[in-house]
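Here's the structure, in structure tokens; my notes come after.
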Amino acid sequence: MSKEAMQLALEALEKVITAFGSGLTLQQNAITALRKALETEQEPVLWLKTWSDGSVSVLKTKSHAFADHELEPLYAAPPKQWVGLTDEELKPLCDENHIMFGAYTVDFIQAIEAKLKEKNT
């Protein structure tokens, strides 16, 4: 999806939220996803050209010899999704380090994880 298409979809969804108010979870999730996609400045790493006979060419740069609809952008793999630790994973770590496992410890560890997630996304 092009950035222009994402921007149009975002604007349409924001109008729906404005008109009908909050409580539209699906639309709010779509808005969040579109904003994140628009903020991502990932550029294609290669371009794919599929010929009429079904053969495929991979181009290192976008060739102006072809119309935009003839070339498919190829992107690098997206970054891995953040995965936090479960309580079952935290308890042995606490035991190994002689830290009492409890609600305060879990809250502290989750606060550290949240800060790390924030810094790495």
Side-chain angles (χ1 to χ4, degrees):
M1 178 182 282
S2 72
K3 288 203 177 240
E4 294 82 17
M6 287 189 282
Q7 187 63 45
L8 287 171
L10 178 59
E11 289 169 7
L13 285 166
E14 287 175 334
K15 287 180 183 175
V16 168
I17 294 291
T18 302
F20 295 102
S22 61
L24 302 172
T25 307
L26 182 62
Q27 288 83 351
Q28 289 168 331
N29 290 344
I31 286 170
T32 302
L34 283 167
R35 278 200 180 116
K36 186 169 186 166
L38 283 168
E39 290 169 2
T40 303
E41 291 296 326
Q42 186 179 16
E43 294 294 325
V45 293
L46 296 169
W47 297 88
L48 187 70
K49 166 67 175 140
T50 304
W51 300 94
S52 57
D53 66 356
S55 63
V56 176
S57 296
V58 177
L59 309 171
K60 289 184 178 182
T61 59
K62 185 176 180 181
S63 172
H64 296 292
F66 303 111
D68 283 345
H69 68 275
E70 294 181 284
L71 296 174
E72 180 181 346
L74 300 174
Y75 297 90
K80 286 189 170 187
Q81 214 45 355
W82 178 271
V83 179
L85 297 172
T86 65
D87 285 354
E88 292 77 27
E89 294 167 319
L90 290 175
K91 184 157 182 11
L93 291 172
C94 288
D95 291 344
E96 288 169 19
N97 292 285
H98 309 290
I99 298 170
M100 185 180 292
F101 182 78
Y104 294 116
T105 306
V106 171
D107 288 346
F108 180 64
I109 293 169
Q110 288 173 341
I112 293 170
E113 283 185 329
K115 188 52 120 176
L116 287 170
K117 181 179 179 183
E118 178 184 312
K119 291 181 76 163
N120 288 287
T121 54

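These numbers come from the heavy atoms of this one structure, side chains and all, not from hydrogens, waters or symmetry mates.
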Got a list of side-chain donor-acceptor pairs under 3.5 Å for residues 51-58, not counting sequence neighbours?
from	atom 1	to	atom 2	distance (Å)
Trp51	NE1	Ser57	OG	2.8
Asp53	OD1	Ser55	N	2.9
Asp53	OD1	Ser55	OG	2.6

Side-chain donor/acceptor pairs under 3.5 Å, residues 89-102, sequence neighbours excluded:
from	atom 1	to	atom 2	distance (Å)
Glu89	OE1	Thr86	N	2.8
Glu89	OE1	Thr86	OG1	3.3
Lys91	NZ	Asp95	OD2	3.4
Asn97	ND2	Leu93	O	2.8

Donor-acceptor pair, Glu72 side chain versus Lys49 backbone, under 3.5 Å? no
Among Thr50, Leu46, Leu48, Leu59, find the residue that satisfies the side chain to side chain contact (heavy atoms under 4.5 Å, CB included) test when tested with Leu71. Leu59
Shared ILVMFWY cluster between Phe66 and Leu74, side chains joined below 4.5 angstrom? no
As an exercise, state the distance from CG of Asp107 to CD1 of Ile112, rounded to the nearest 0.5 Å. 11.5 Å
So, do Asp87 and Val106 sit near enough that their side-chain heavy atoms are less than 4.5 Å apart? yes
